**Q** 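Here you go, one structure.
Predicted model, so just to flag it, every value in this text is computed and none were measured. Ligands are counted one by one from 1 in listed order, and the atoms in each one are counted from 1 as well.
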Amino acid sequence: MAKIILTGDRPTGRLHVGHYVGSLKRRVELQNSGKFDKIFIMIADAQALTDNADNPEKVRQNIIEVALDYLACGLDPAKSTMFIQSQVAELCELSFYYMNLVTVSRLQRNPTVKSEIQIRNFEASIPVGFFTYPISQAADITAFKATTVPVGEDQLPMLEQTKEIVRKFNSVYGDTLIEPEILLPDNKACLRLPGIDGKAKMSKSLNNCIYLSDTEEEVRKKIMSMFTDPNHLRVEDPGKVEGNPVFIYLDAFCREEQFAEYLPEYQNLDELKEHYKRGGLGDVKVKKFLNAVMQEELTPIRERRKSFEKDIPEVYRMLKKGSDEAREVAAQTLSEVRASMKINYFDDEELIRVQSERFKD
Ligand code: TRP
């Protein structure tokens with residue numbers, strides 16, 4: 001069986017380092033591993049509209065930002081098909097059929113939907129499109145016969161829902177769809193990077209993100225202002241590393257070799273943590289190290305982004321080409337789905353023959 005990746009992001013803002021460690025970095029590694037037959041990376045504008053219906057301009061503006069972030073991170077159109085969700089109309093038709101296989105109560109139990117309803121204060125005024133987006137996400141994944149979906153752990157309930165739809169579809173209409181596997185980041189710190197304010201999640205509205213496109217100075221300022229252990233007031237005080245964003249970021253970003261280069265008094269992160277816990281290690285020193293580590297990772301990304309920004313029409317052409325290609329693949333799956341559901345009436349010679357028999361006296 002072909003190994004196929006599909007994943008994507010909502011274009012509601014520029015991508016940040018949480019997206020990077022949680023998914024983007026891995027995608028690029030997977031892309032370059034040569035182990036996959038096809039890779040589809042989707043800019044999920046239609047999904048973004050499910051809770052931004054009154055702000056389509058925001059979605060429209062951010063498509064190019066996300067595309068630039070992809071290219072900056074090393075996603076390569078020669079190896080990965082990058083496309084825009086709304087340009088693949090077949091996804092809507094698939095969703096429409098899948099809707100018959102999912103109950104309202106099942107959607108209400110979807111933990112991601114549940115928590116997003118809360119965050120967005122939707123309560124009963126939730127848009128139907130938003131409520132049903134797990135179904136549309138199942139269409140995104142199955143349309144490309146994806147076997148592997150690299151995403152953050154917040155997407156686990158979406159994958160569960162997709163698998164259920166696949167099983168239900170295949171059991172009702174016969175084997176047609178492929179059950180996907182989620183691929184989570186293997187470094188635990190990368191599962192969910194907190195905001196620089198220590199809040200559980202980086203989010204644009206909380207203004208606590210470090211963006212991939214931030215300048216060197218912006219990144220430095222954000223790191224130096226980062227929340228740490230509030231009880232670690234003086235250098236001598238013992239500090240906590242659990243739940244301390246500076247150390248979580250180090251867990252996510254730093255490599256052992258970087259100690260020799262930037263902080264040779266320590267062999268590795270464990271030693272640094274031990275010293276912090278004992279007391280006698282100041283936040284500023286740790287933050288400066290984190291800054292060095294993160295700049296090393298972010299500088300090449302920032303520079304590549306700058307070079308792609310020089311030819312924006314080319315980026316749109318790349319997305320158009322990707323969308324055309326994605327559409328062809330989705331159309332093929334849709335025609336198989338229609339055949340399994342036996343709603344391909346005009347291709348079904350057997351149907352036409354049987355019906356003509358029936359009407360003969
Ligand atoms: N829900 C994902 C997010 O919020 C975006 C997305 C849409 C997606 N369709 C997908 C991710 C299919 C993986 C597979 O970031």
**Q** With under 30° as parallel and over 60° as perpendicular, where do the rings of Y98 and F169 fit, or are they tilted in between?
**A**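 Y98 and F169: perpendicular rings.
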**Q** Is a side-chain N or O of Q295 found less than 3.5 angstrom from the main chain of E216, in a donor-acceptor match?
**A**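 The answer is yes, because a donor-acceptor pair under 3.5 Å joins these two groups.
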**Q** Salt bridge or not for K342 and D348, using N-O below 4.0 Å?
**A**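 No, this pair does not count.
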**Q** Taking ring-ring contact (aromatic ring centres under 6.0 Å, His included) as the test, write out the residues that go with F131, two or more places apart.
**A**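 If we apply the ring-ring contact (aromatic ring centres under 6.0 Å, His included) test to F131, skipping adjacent residues, there are no hits.
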**Q** For residues F289 and Y266, determine if any side-chain heavy atom of one lies less than 4.5 Å from a side-chain heavy atom of the other.
**A**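 The answer is no; the side chains never approach within 4.5 Å.
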**Q** Verify, without hydrogens or angle tests, whether N244 (side chain) and T228 (backbone) share a donor-acceptor contact under 3.5 angstrom.
**A**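 Checked: no pair found.
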**Q** What are the distances between nitrogen or oxygen atoms of ligand 1 and protein nitrogen or oxygen atoms, counting only those under 3.5 Å?
**A**
from	atom 1	to	atom 2	distance (Å)
ligand 1	1 (N)	Q47	OE1	2.8
ligand 1	1 (N)	Q137	OE1	3.0
ligand 1	1 (N)	Q155	OE1	3.1
ligand 1	4 (O)	R10	NE	3.3
ligand 1	9 (N)	D140	OD2	2.8

